[in-house]
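Contents: one structure, followed by commentary.
As the structure is a computational prediction, the values presented were derived from the model and not from experiment.
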Amino acid sequence: MAPREIVIIGGGIIGCTTAYYLTRHPSASAAALKVTLIEASANGPAQGASGKAGGLVARWAYPKEIVDVSFEEHVRLAEEHNGQDRWGWRYVKCGSWEGRGEELVPPEKGGVHGNKSLEKELGLPGGQKPTRKSRRSRNAEGLPEDLLWVKEELTDSYTSMAKDGNTAQVHPYLFTTSMFELAKERGLNYLNGKVTKILTKDGSVSGVEYTDPATHQTHTISATAVLLAAGAWSPSIISDLPITATRAHSITIRPKEGVTIAPYVLFTEIEDPVTSTRSSPEIYARPDNEVYACGPGDDEPLPPTVDEVVVDQASCDLIHSHVSSISEQLREGTVEKRQACYLPTVSIGGGPIIGEARSIAKGLYIGTGHTCWGISNGPGTARALTELIMDGKVKCANLKKLDPSNFL
């Protein structure tokens, strides 16, 4: 059998999980299959959104074509590789909270202060939001008894967004890098380089061209199949891809010693007591008692590489101010990380884009445009792409609506 050489461009959640599935495919053997992952960051995989996301995993996510497959794969992977200890897998409760913040000393002015929503409707056709229960009055549904890190007197309404067992979480950086390391154990090759071109011959991919960041020299590597999974940077390699980038800021907070944060994910709407303006940070309690919070996005231009992403400190301070206004535990905690990443969105609606881009070249596969659901839908996307690459057909789901022919 002629050797199959598969090159994956991008060390984010899609690239790393696909590497994992490829190296575990029944026909994968050292003689028949060579998988190489190329990542542009000098710091290795998971340096973008795949390392700085909230890590939500939900059955109520979108698109429905991939959600259920991916959720079940998350469950299976956690059971097989002790995800609870290795990457923080656990089921969580998820709710929509609305109320008023306390008046605090405002953060210093400045910064970008984006207003692009990162709520889970990004990328849905027509801006449709995920199904939620309608809001109830405070008398009809109050705060859960164990949600002690949000002040009850500030709460106008709390609504559960999903039934138990339909929402879970992972630590995105730990999950992505675990997939990468598990793939390396099965023979994955790794290169640090910035891909500049996908090479073709007679209508099929033949390899990729990349630049070594240390020597700035150009190299080529042969390939019988190429997967482009570079997230927001994918259009820098295939310019026709309708992908736009949204910069999103987030922070992590470490509560004071002895303070326990109950396992909830909150989608909030907080009214400022002075200006009456509203903010909508998302707050994620994590298993190690770390708390992640993110704010709205902005249109700051995409830099050449993930290592050049600029973090606007004022935007991070604003997130901290908002979440602190409803929680004394978060207010008194220590902000450990201030970070930013870029989310890839399909600009013409729908998505993500998953499949073979035969209109460009046979053997060229696309996996990008996952918006805020990349972590949740990563394993399902990887399983589908692996089936397509290795078996010639996606067996686990019907992804015709996500095929590149609908977008290119």
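- Scored by the ring-ring contact (aromatic ring centres under 6.0 Å, His included) test, Phe180 finds Tyr190 as partners (sequence neighbours excluded).
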Quiz item: Going through the checks in order, is the side chain to side chain contact (heavy atoms under 4.5 Å, CB included) test met by Lys93 and Asp146?
Solution: CA-CA 11 Å; Lys93 297 177 181 178; Asp146 60 341; 4.0 Å; yes
Self-check item: Test log, rule salt bridge (Lys or Arg N to Asp or Glu O under 4.0 Å), inputs Arg254 and Glu336
Solution: CA-CA 7 Å; Arg254 179 68 57 185; Glu336 292 187 330; 3.5 Å; yes
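- Around the NZ atom of Lys64, the shell of radius 6.0 Å holds more than 12 heavy atoms that belong to other residues, nucleotides or ligands.
- Contact check on Arg338 versus Asp317 returns a salt bridge, with a Lys/Arg side-chain nitrogen under 4.0 Å from an Asp/Glu carboxylate oxygen.
- The two residues Thr268 and Pro281 come nearest to each other via the heavy atoms OG1-O, 2.6 Å.
- Using a 4.0 Å cut-off between charged side-chain N and carboxylate O, Glu72 and Arg59 make a salt bridge.
- Between Asp240 and Ile360 the shortest side-chain heavy-atom distance does not fall below 4.5 Å.
- For the pair Ser234 (side chain) and Gly231 (backbone), a donor-acceptor distance under 3.5 Å is present.
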Practice problem: Might you work through the side chain to side chain contact (heavy atoms under 4.5 Å, CB included) test for Glu300 and Asp312, ending with a clear yes or no? | Solution: CA-CA 10 Å; Glu300 190 71 12; Asp312 180 67; over 6 Å; no
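- The pair Glu73-Arg76 counts as a salt bridge, with a side-chain nitrogen and a carboxylate oxygen less than 4.0 angstrom apart.
- Between the side chains of Ser405 and Asp403, a donor-acceptor pair is found at a separation under 3.5 Å.
- Between the side chain of Thr224 and the backbone N or O of Glu5, at least one donor-acceptor pair lies under 3.5 Å.
- A side chain to side chain contact (heavy atoms under 4.5 Å, CB included) with Gln47 is found for one member of Val309, Thr305, Val306 and no other, namely Val306.
- No side-chain donor-acceptor contact under 3.5 Å links His322 to the backbone of Gly101.
- Remark: the backbone N or O of Val323 is not paired with any side-chain donor or acceptor of Ser327 at under 3.5 angstrom.
- Residue Val259 comes nearest to Asn289 through the heavy atom pair O-ND2, 2.5 Å, listed as atom of the first residue, atom of the second, then distance.
- Residues that satisfy the salt bridge (charged side-chain N to carboxylate O under 4.0 Å, His left out) test with Arg86, not counting sequence neighbours, are absent from this structure.
- Taking CZ from Arg286 and CD1 from Ile261, the interatomic distance works out to 13.5 Å, rounded to the nearest 0.5 Å.
- Between the OG1 atom in Thr244 and the CD1 atom in Ile348 there is a gap of 10.5 Å [rounded to 0.5 Å].
- Side chains of Ile14 and Thr18 form a contact here, defined as non-hydrogen atoms less than 4.5 Å apart.
- Scanning both residues, Trp233 and Pro303, for their nearest heavy atoms gives NE1-O, 2.8 Å.
- Taking the six-membered ring for Trp and thresholds of 30 and 60 degrees, Phe71 and Tyr91 have ring planes inclined between 30 and 60 degrees apart.
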Quiz prompt | Full working for side chain to side chain donor-acceptor pair (under 3.5 Å) between His370 and Thr381 | solution = CA-CA 10 Å; His370 287 71; Thr381 300; 3.0 Å; yes
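- In this structure, CH2 on Trp87 lies 5.5 Å from CG on Leu77, to the nearest 0.5 angstrom.
- Between Arg90 and Gln84, the side chains place no donor N or O within less than 3.5 Å of an acceptor N or O (distance only, hydrogens not considered).
- His219 and Tyr210 have tilted rings, their planes meeting at an angle from 30° to 60° on a 0 to 90° scale.
- For Glu145, the CD atom counts as loosely surrounded, since its 6.0 Å shell holds 12 or fewer non-hydrogen atoms of other residues, nucleotides or ligands.
- In this structure, the side chain of His25 engages the main chain of Ser27 through a donor-acceptor pair within 3.5 Å.
- Side-chain contact, Gln339 with Ser250: a donor N or O sits under 3.5 Å from an acceptor N or O.
- Annotation for Lys151: atom NZ counts as buried by contact number, over 12 foreign heavy atoms lying within 6.0 Å.
- Every residue two or more places apart in sequence or in another chain that forms a side-chain contact (heavy atoms from CB on, under 4.5 Å) with Arg278 is listed here: Glu98, Glu269, Glu271.
- Contact record, His320 with Ile253: CD2-CD1, 3.8 Å, taken as the closest heavy-atom pair.
- Considering all non-hydrogen atoms of both residues, Ala58 and Val67 come closest at O-CG1, 3.5 Å.
- Between Trp60 and Phe267, the ring planes are perpendicular. Angles over 60° get that label, and only those under 30° would be called parallel.
- Residues Gly380 and Val69 share a closest heavy-atom pair of CA-CG1, 4.1 Å.
- For the atom pair OH (Tyr264) and CG (Leu148), the distance works out to 9.0 Å, reported to the nearest 0.5 Å.
- Using modelled atom types and a 3.5 Å distance limit, the side chains of Asp272 and Thr277 yield no donor-acceptor pair.
- Rounded to the nearest 0.5 angstrom, Phe407 CZ and Ile243 CD1 are separated by 8.5 Å.
- Within a 6.0 Å radius of CD in Glu181, other residues, nucleotides and ligands contribute more than 12 heavy atoms.
- The distance from atom CG of Leu399 to atom CD1 of Ile354, rounded to the nearest 0.5 Å, is 5.5 Å.
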